[in-house]
Amino acid sequence: MSCRILEKLPRSFYARDAISVAKDLLGKFIVHRFHGVGYCGKIVETEAYLGPHDRASHSARGMTARNAAMFGPTGHAYVYLIYGVHCCFNIVTGKQGDGAAVLIRAIEPIAGTYGKTNGPGLLARAMNITRALNGHDLFGDTFYIAQSPRKEKIVIVRRRRIGVDYAGAWARRLLRFYVKD
DNA sequence: TGCACGATGAAC
DNA sequence: TTCATCGTGCAC
């Protein structure tokens, strides 16, 4: 499959503010190899979670056993369980200790995926991303983010984040990004 | 030790 | 539109 030749994103890509990373991740590829199967998907929707000051963020209430990975080194994965059922895949951004991350909400299936991919829980399942990958460095050979193989023009749409109404003013900020259509 | 809640998904 | 479902975090 063509995913093998894709170039990994440099670590400096993630060492920026979550908003920039969330926008720039659109169109990039997630590659995951597991039990001999290669999963590959194009990122089409993300959300930025800025850090402890962002009330909608998991890091808003300080570091706990669950969200420790979110305060870890940039470019690592933060995978958590929501509603006791679904896994959600995030990428740590900024500097270590920032508690900032970008949630991957939807992908476009390229290879190896099964089922739907248009939701945080669904895409994790489709790509076999589990909590075993929590804290995983995204620069290994089995799980990483890669450049888009060809330069394509994408139209980015900004919207409010989903399911964070409890976060007050933070819930209204336009921190969700997706590719038009 | 108990309980309320949620960055959801699937059924109806 | 409604509900199942259960790991977390926090109250007691």
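Numbered from 1 within each chain, the chains take letters A, B, ... in sequence-line order.
With a 6.0 Å radius and a threshold of 12 heavy atoms from other residues, nucleotides or ligands, A:Arg61 has its CZ atom at or below the threshold.
In this structure, A:Arg55 places its CZ atom 12 Å from P of B:dA7, rounding to the nearest Å. In this structure, A:Asn90 places its CG atom 11 Å from P of B:dT8, rounding to the nearest Å. Atoms CZ (A:Arg66) and P (C:dG9) sit 5 Å apart, rounded to a whole Å. The distance from atom CD of A:Glu45 to atom P of B:dT8 is 11 Å, rounded to the nearest whole Å. Across the protein-nucleic acid pair, A:Met70 atom CE and C:dT8 atom C1' stand 15 Å apart, rounded to whole Å. Between the C1' atom of B:dG6 and the OH atom of A:Tyr80 lies a distance of 9 Å, rounded to the nearest Å. Rounding to whole angstrom units, CZ of residue A:Arg61 and C1' of B:dA4 are separated by 12 Å. In this structure, the NZ atom of A:Lys116 is 11 Å from the C1' atom of B:dA11, given to the nearest Å.
Heavy-atom distances to DNA chain C give each of A:Ile82 and A:Thr64 a nearest nucleotide, and the one nearer the 5′ end belongs to A:Ile82. Ranked by how close their nearest DNA chain C nucleotide is to the 5' end, A:Arg131 and A:Val85 are led by A:Val85.
Between A:Tyr80 and A:His58, the distance from one ring center to the other falls under 6.0 angstrom. Between A:Phe89 and A:Phe143, the ring centre distance stays below 6.0 Å.
Note on A:Tyr166: only backbone sugar-phosphate atoms sit closer than 4.0 angstrom, heavy atoms only; bases stay farther off. Within 4.0 Å (heavy atoms only), A:Leu81 reaches sugar-phosphate atoms of the nucleic acid but no base atom. As judged by a 4.0 angstrom heavy-atom cut-off over every strand, A:Ala56 is placed among the base-contacting residues.
Judged by the 6.0 Å and 45° rule, A:Arg161 forms a cation-pi pair with A:Tyr49. Annotation: cation-pi geometry satisfied between A:Arg16 and A:Phe13 (NZ/CZ under 6.0 angstrom from ring centroid, within 45° of ring axis).
With both pairing distances under 3.5 Å, B:dA4 is matched to C:dT8 as a Watson-Crick or G-U wobble pair.
Across B:dT8, C:dC10, B:dA7, the shortest atom-to-atom separation from the side chain of A:His58 is found for B:dA7.
Put simply, A:Tyr83 has no side-chain N or O that comes within less than 4.0 Å of OP1 or OP2 on B:dA7. Applying the 4.0 Å criterion to OP1 and OP2 of B:dA10, one finds that A:Arg125 has a side-chain N or O inside that range.
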